Amino acid sequence: MQGFNLHILREIKMKERVLRALESVRPGLQADGGDVELVEVSEQGKVLVKLTGNCGDCPMSKITLQQGIERILKTQVPEVSSVEAVDN
């Protein structure tokens with residue numbers, strides 16, 4: 001049971017760090033009329049996000065996701081293995 005609790009605590013801590021990292025990219029997205037929402041963080045480090053506003057329909061959203069959001073998340077939260085967008 002104790003191992004389970006440690007696992008949950010690590011997952012919560014990682015989610016909090018991901019949320020903080022997303023806050024650092026949010027102003028740039030909002031300046032262009034978009035935003036990002038955290039959907040899920042898996043125990044394997046896969047992060048699912050939803051791009052909203054102008055980012056949801058933007059043809060450049062894949063580049064924003066990979067070269068912006070994913071790069072920053074992996075830098076600030078090394079446990080992140082990948083970042084994927086879910087459909088609006």
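Note that the structure is a prediction, hence the values are computed from the model and not measured.
Looking at Pro78 and Arg17, their side chains come closer than 4.5 Å, going by heavy atoms from C-beta outward. With a 4.5 Å cut-off on side-chain heavy atoms, Thr64 and Leu51 do not count as touching.
Met60 and Ile69 are not part of a single hydrophobic cluster, where members link through side-chain heavy atoms under 4.5 Å apart. Under the 4.5 Å side-chain contact rule for hydrophobic residues, Leu19 and Met14 share a cluster.
Contact detail for Val83 and Glu70: the closest heavy-atom pair is N-OE2, 3.0 Å. Closest non-hydrogen pair, Ser61 versus Cys55, comes out as CB-O, 3.3 Å.
Gln66 is linked by a side chain to side chain donor-acceptor pair (under 3.5 Å) to nothing, counting only residues two or more places apart in sequence or in another chain.
Residue pairs meeting the salt bridge (Lys or Arg N to Asp or Glu O under 4.0 Å) criterion with at least one member in residues 36-48, sequence neighbours excluded, are Lys46-Glu84.
The CG atom of Leu22 sits 5.0 Å away from atom CG of Leu73, with the distance rounded to the nearest 0.5 Å. To the nearest 0.5 angstrom, Gln76 atom CD is 10.0 Å from Arg71 atom CZ.
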Please set out all donor-acceptor pairs under 3.5 angstrom arising from side-chain atoms of residues 25-32, sequence neighbours excluded.
from: Arg26; atom 1: NE; to: Asp35; atom 2: OD1; distance (Å): 2.6
from: Arg26; atom 1: NH1; to: Glu23; atom 2: OE2; distance (Å): 2.3
from: Arg26; atom 1: NH2; to: Val36; atom 2: O; distance (Å): 2.3
from: Gln30; atom 1: NE2; to: Asp35; atom 2: OD2; distance (Å): 3.2

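Around NZ of Lys74, the count of heavy atoms belonging to other residues, nucleotides or ligands within 6.0 Å exceeds 12.
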